[in-house]
Amino acid sequence: MGIKKLICKILPAHQVPVLRQKYRLFRQRLHRPMSEDDFRQALTRQLRVRKGDTLFIHSSINYLNVEFSAFKALTILIDLVGEEGLLLFPAWHFEDRAEDYLQNEDNIFDVKRSKTVTGLLPELARRFPNAQRSAHPTTSIVAIGKNAKEVISGHETSLYPCGKSSPYYKMLKYDAKIIGLGVSSNFLSFVHCPEDVMAKDFPFQTRTDRTFSGKVKLPTGELIAVETLAAHKNIRNRNIPAFLKKHVSKNIFSAYRIHGSEFFIADANALFDQMGELAKKRITIYNI
């Protein structure tokens, strides 16, 4: 049994995240913080970011060992992909389970004003001039750059939050890369896209049987009801890092540790195809 599994087995569940946080901060202190040039090099060399890229970005500024601000990190990303590029960020606005959130009929997602709880970088992106935000009540995405409106439009029509009408699927058209900045693959929410596209054909129940109606206030001020499924309790029992290590090649997914911080990159199209083929064999993130 590995040391991580042993710790998780011995400690109470609520203490594991606290210990993990302390370990990450301790590990950072052993390394010099990244300068702007260091960060650019990490993005262009290890994560292979290029002009014109479409990037879906998971991040934690707290765990990103840098000597500059979150806003500077955002402007560096915008600069690297250029005018032809597109940046996407997860931007949901609640910390409860989606099912619990949707069951409260008083909850309203305000596309223009609801703050995101997915981190400082997505929140800065949400406030950035000309940023676009999808109108899904549980799985909103913020986009900056070319094709932003196209990729986020219609998300409110998606019964499956990460299905074919979602930015997760639409970004495949632009050969998207998924990157992690200061976070591990545990944050790789794209894994739910193949599940939602396969829907009932996926060999494990990941969505509720019940359809919910979520209230959404559009930027125009119009209030609409969005029909959606929620995440099933089953998805708690998953192990994304183990699945990727065992079943996905390094040319599709790679993880790095730079200046004490975690980074990763995934080829969205290749990962989507690989997960779909594995699911047909009943190999998923839920049975590792």
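Computed over heavy atoms, backbone and side chain alike; hydrogens, waters and symmetry mates excluded. Throughout, numbering of the chain's residues begins at 1 and tracks the sequence.
Between L77 and L181, the closest side-chain pair of non-hydrogen atoms falls below 4.5 Å. H58 is not listed as a side-chain neighbour of I179, based on a closest heavy-atom distance of 4.5 Å or more. Annotation: side chain of H93 is not in contact with side chain of S140 (no heavy-atom distance under 4.5 Å). In this structure, the side chains of R133 and S114 come closer than 4.5 Å at one or more pairs of heavy atoms. By the 4.5 Å heavy-atom criterion applied to side chains, M275 and M198 are not counted as neighbours.
Counting only distance, with no hydrogens or angles, the side chain of N65 and the backbone of H259 share a donor-acceptor pair below 3.5 Å. Between the side chain of T208 and the backbone N or O of A230 there is at least one donor-acceptor pair closer than 3.5 Å. When atom types are taken as modelled, the side chain of K170 and the backbone of S153 share a donor-acceptor pair closer than 3.5 angstrom. For N239 (side chain) and Y286 (main-chain N/O), no donor-acceptor pair under 3.5 Å exists by modelled atom type. With hydrogens and angles disregarded, no donor-acceptor distance shorter than 3.5 Å links the side chain of D79 to the backbone of I76. Within the 3.5 Å criterion, the main-chain N or O of P161 finds a donor-acceptor partner in the side chain of H155. A donor-acceptor pair under 3.5 Å links the side-chain atoms of T75 to the main chain of K72, judged by distance alone. A donor-acceptor pair under 3.5 Å is absent between the side-chain atoms of T118 and the main chain of W92, judged by distance alone. Without hydrogens or angle criteria, N287 side chain to T284 main chain gives a donor-acceptor distance under 3.5 Å. Within the 3.5 Å criterion, the main-chain N or O of I252 finds no donor-acceptor partner in the side chain of D267.
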Apply ring-ring contact (aromatic ring centres under 6.0 Å, His included) to F56 and Y168, showing your working.
CA-CA 8 Å; F56 191 100; Y168 283 101; 5.0 Å; yes

Test ring-ring contact (aromatic ring centres under 6.0 Å, His included) on F263 and Y256 and set out the steps.
CA-CA 5 Å; F263 291 78; Y256 304 92; 8.2 Å; no

Residue pair F68, F39: steps toward the ring-ring contact (aromatic ring centres under 6.0 Å, His included) verdict:
CA-CA 10 Å; F68 50 88; F39 186 59; 5.4 Å; yes

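Between D37 and R40 there is no salt bridge, since no side-chain nitrogen of the basic residue lies less than 4.0 Å from a carboxylate oxygen of the acidic one. Using a 4.0 Å cut-off between a side-chain N of Lys or Arg and a carboxylate O of Asp or Glu, D201 and K280 do not qualify as a salt bridge. Comment: K281 does not engage E277 in a salt bridge, judged by the lack of any side-chain N to carboxylate O separation of less than 4.0 angstrom.
The two residues G182 and Y63 come nearest to each other via the heavy atoms O-CB, 3.2 Å. Listed here is the closest heavy atom pair of A91 and V142: CB-CG2, 3.6 Å.
In K112, the NZ atom is not crowded: 12 or fewer heavy atoms of neighbouring residues, nucleotides or ligands sit closer than 6.0 Å.
Under the 4.5 Å side-chain heavy-atom criterion for ILVMFWY residues, a single connected hydrophobic cluster contains both L64 and I78. I144 and I152 end up in different hydrophobic clusters when Ile, Leu, Val, Met, Phe, Trp and Tyr side chains are linked at under 4.5 Å. Cluster membership check: I235 does not share its hydrophobic cluster with L229, using side-chain heavy-atom separations under 4.5 Å among Ile, Leu, Val, Met, Phe, Trp and Tyr.
In this model, no donor atom of one side chain and acceptor atom of the other lie less than 3.5 Å apart for H136 and S158. No side-chain donor-acceptor contact under 3.5 Å links T228 and Y160. With hydrogens and angles left out, the side-chain atoms of T116 and E123 include no donor and acceptor closer than 3.5 Å. No hydrogens or angles considered: nothing links the side chains of N107 and Q103 as a donor-acceptor pair under 3.5 Å.
Here the straight-line distance linking atom CG of N104 with atom CZ of F212 works out to 12.0 Å at 0.5 Å rounding. In this structure, the separation between OG1 on T139 and CD on E156 is 12.5 Å, given to the nearest 0.5 Å.
Screening residues 173-192 for salt bridge (Lys or Arg N to Asp or Glu O under 4.0 Å) gives D53-K177, E150-K173 as the qualifying pairs, with residues at least two apart or on separate chains.
A parallel orientation is assigned to the rings of F94 and Y101, their planes being inclined by less than 30° (bins at 30° and 60°).
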